[in-house]
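We count ligands from 1, going down the list as the structure has it; atoms in each ligand are counted the same way.
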Amino acid sequence: MAEDLFRYADDLGPAKIVHIYEPSTALKAILVVDNLACGPSIGGVRMAPDVSVEECFRLARAMTLKNAAAGLAHGGGKSVIFGDPRMPPAEKENLIRAFACAIRDESGYIPGPDMGTDEACMAWVQDEIGRSVGLPRELGGIPLDEIGATGFGLRSAAEVALGAAGSDIDGARVVVQGFGSVGLHAARFLAAKGALLVGASDSRGAIADPAGLDVEELAELKATGASLTDSAAGQTLDRDAVVDIECEIWIPAARPDVIRADNVDRLRTKLIVQGANIPITEEAEAILHRKGVVSVPDFIANAGGVICAAVEYGGGTQAAAFQVIDEKIRANTESVLRRSRDEAITPRQAALAMARDRVRRAMELRRWS
Ligand code: NAD
C-alpha cells in the first residue's frame, strides 16, 4: 500500500529512499537521504548481514540532527549494504565498488565510513565516483580515529560544561568507560590539560586509582591488544564497577544504554560527556537532570568525527579540523546548556530543539526542502 511506503514521512523527511540491487554482484543495499536543506548529506555506509530500511532511516535522521546541531552545511543521510563485513577482501571491494556506481547520480549523498566499512572502502568509493569522506591520508583524508577527533571534541564540551559550573579541567578527576578510539583520546586530551584519569574500563574489566592512572602507559598497553586489566597500575575491578567511581567528569565511550534507571543512582559525578551514541536512556537522563548532574548529549559532544569529515570534504587540513571542532563544539555546548537552564528542559531536549530549529530555518530558505 502507498501509505506503507511513506510510513517514515514527517515534517523533516526522508527526501528519498533508494533500494539498490545489482544482480551480477548480488549487491543489496538501501540509501536513505533524509533531509538536504542544510546541504548535501553526509552519513556512513554500514555493512552488516541484518540491516533494514528502518535502521537506515533512523540513522539517516540521526545524521540530519547531528549535522545540523554541529552547524555543518550538510544534511543527513545513511546507507546500508547487506553482507558480512569479514567477507574475502576482493569480494568486499567488488561489492563496495558496485555500491558506489549505483549511487553515482545521488549527488545529495556523500558516503563515509561506519560499522563494517573503513578508509579503504571510502577510497574505492572515491575512485569510482569522486565523492566520499573518511579517506586515507594518501588521498587527502584526515584519519579521524588516529588523530582522536571525537575525543578532542569531548574535551571542548567538558571544558565549557565545567566552566559553566565554575570549575575547570585542571585537577578534575575523569572516568572513562570504553578505552577505544573515542575514550582513549578523550583521556589523553583531558590529561594534557591537567585532568586526572582515576578510572577506565574496556570490554574485559576496569581499573581505578584515586592518585591517577598514566594515560600514555595504558595507551601503549592497549596498542598491544592487551586489556586494561593486564596493567599493573591501580586496582582491578569488575567491568561495570566503573559506574561507581567518584569523579568530576564521567565519559561513556563504549556501548548504548549503559546508564539506565536501575543504575543511574550509582554515578558519583558532576558532569557526563557522552562519547558513545545513546549511552544513557531517556528516563535516566531525566533523573540526572532532576539531580542537577549535567549531561552533554551524544550528538553535541561526540560530533568531532563528523565535523572532521566535513572539513576534509571541504579540502581543509588536520589543523583546521581541530580548530573547527573546538569552535563548534564549544559554541553548541554553551547554547544547549543555556537553553536547558532557561527552558527547564534536559540538555537532550534542548539539543533536539536547536537542531530541529536549524533544519526548519534552512528549509524555509529553500524552494524545495
Ligand atoms: P572502539 O571499538 O575503538 O572502542 C570501544 C571500546 O569500548 C573498546 O576499548 C572496548 O573494549 C570497549 N567496550 C566494549 N564494550 C564495553 C563495555 N560493556 N564496557 C566497557 N568497555 C567496553 O570504538 P570507538 O570508535 O571508540 O566508539 C565508541 C563509541 O563511540 C561507539 O558507541 C561509537 O558509535 C561512538 N562514536 C564513535 C565516534 C568515532 O569517531 N569513532 C564518533 C561518534 C560516536
Subject >> Residue, atom name and distance, where the atom is the protein heavy atom closest to atom 32 (O) of ligand 1 >> reply: Ala254 O, 3.2 Å
Subject >> Under-4.0 Å heavy-atom contact between protein and atom 2 (O) of ligand 1 >> reply: no
Original post:
Looking only at protein heavy atoms, which one is nearest to atom 14 (C) of ligand 1, and how far off is it?
Top reply: Ser203 CB, 3.8 Å
**OP:** Write out the residue and atom name of the closest protein heavy atom to atom 44 (C) of ligand 1, then the distance separating them to 0.1 Å.
**Re:** Asn302 ND2, 3.4 Å
Original post:
Given the rule that I, L, V, M, F, W and Y join up when any side-chain heavy atoms are under 4.5 Å apart, are Val324 and Phe322 in one cluster?
Top reply: yes
Original post:
For Ile300 and Ala69, which heavy atoms make the closest approach, and how far apart are they?
Top reply: CD1-CB, 3.8 Å
Original post:
Going by distance only, is there an N or O of Ser181 that falls short of 3.5 Å from an N or O of ligand 1?
Top reply: yes
**OP:** Output yes when the distance from some N or O of ligand 1 to some N or O of Asp240 is under 3.5 Å, and no in every other case.
**Re:** no
**OP:** With sequence neighbours left out, write down each residue that passes salt bridge (charged side-chain N to carboxylate O under 4.0 Å, His left out) with Arg137, or none if nothing qualifies.
**Re:** Glu146
Subject >> Protein contact of atom 24 (P) of ligand 1 - nearest heavy atom, named by residue and atom, plus distance >> reply: Val182 CG2, 3.9 Å
**OP:** Take the angle between the ring planes of Tyr313 and His74 and call it parallel below 30°, perpendicular above 60°, tilted in between.
**Re:** perpendicular
Original post:
For Asn277 and ligand 1, does the shortest N/O to N/O distance drop below 3.5 Å?
Top reply: yes
Subject >> Crowding at CD, Glu343 (>12 non-hydrogen neighbours, <6.0 Å) >> reply: yes
Original post:
In terms of hydrophobic clustering (I, L, V, M, F, W, Y; side-chain heavy atoms under 4.5 Å; direct or indirect links), are Ile96 and Ile42 co-clustered?
Top reply: no
**OP:** Starting from atom 19 (N) of ligand 1, locate the nearest protein heavy atom and write down its residue, its atom name and how far away it is, to 0.1 Å.
**Re:** Arg239 CD, 3.5 Å
Subject >> Where ligand 1 meets Arg255 - atom numbers and elements under 4.0 angstrom, heavy-atom basis >> reply: 15 (N), 16 (C), 18 (N)
**OP:** With heavy atoms of Ser201 as the reference, note each atom of ligand 1 found under 4.0 Å away.
**Re:** 20 (C)
Original post:
Which heavy atom of the protein is the closest neighbour of atom 28 (C) of ligand 1, given with residue, atom name and distance?
Top reply: Ala253 O, 3.3 Å
Original post:
So which protein heavy atom does atom 6 (C) of ligand 1 come closest to, and at what separation?
Top reply: Gly180 N, 3.6 Å
Original post:
Would Val175 end up clustered with Val264 when hydrophobic side chains under 4.5 Å apart are linked, directly or stepwise?
Top reply: yes
Subject >> ligand 1 atoms in contact with Thr150 (distance to a heavy atom under 4.0 Å) >> reply: 38 (C), 39 (C), 40 (O), 42 (C)
**OP:** Mark up the atoms of ligand 1 that fall under 4.0 Å of a heavy atom belonging to Phe179, in ascending order.
**Re:** 6 (C), 9 (O)
Subject >> Least distance between heavy atoms, Val32 atom then Cys56 atom >> reply: CG2-SG, 3.7 Å
Original post:
Counting each atom of ligand 1 from 1 as listed, which ones have a heavy atom of Leu144 under 4.0 Å away?
Top reply: 40 (O)
**OP:** Report the C-alpha separation of Thr25 and Glu22 in whole Å, then their side-chain angles, then the decisive distance to 0.1 Å, and conclude whether the side-chain hydrogen bond (donor to acceptor under 3.5 Å, both in side chains) test is met.
**Re:** CA-CA 6 Å; Thr25 53; Glu22 211 290 304; 2.9 Å; yes
**OP:** In plain terms, say whether Arg348 and Glu282 are close enough for a salt bridge, that is, a side-chain N and a carboxylate O under 4.0 Å apart.
**Re:** no
**OP:** Among all protein heavy atoms, pick out the one at the shortest distance from atom 7 (O) of ligand 1; state its residue, atom name and that distance to 0.1 Å.
**Re:** Gly178 CA, 3.4 Å
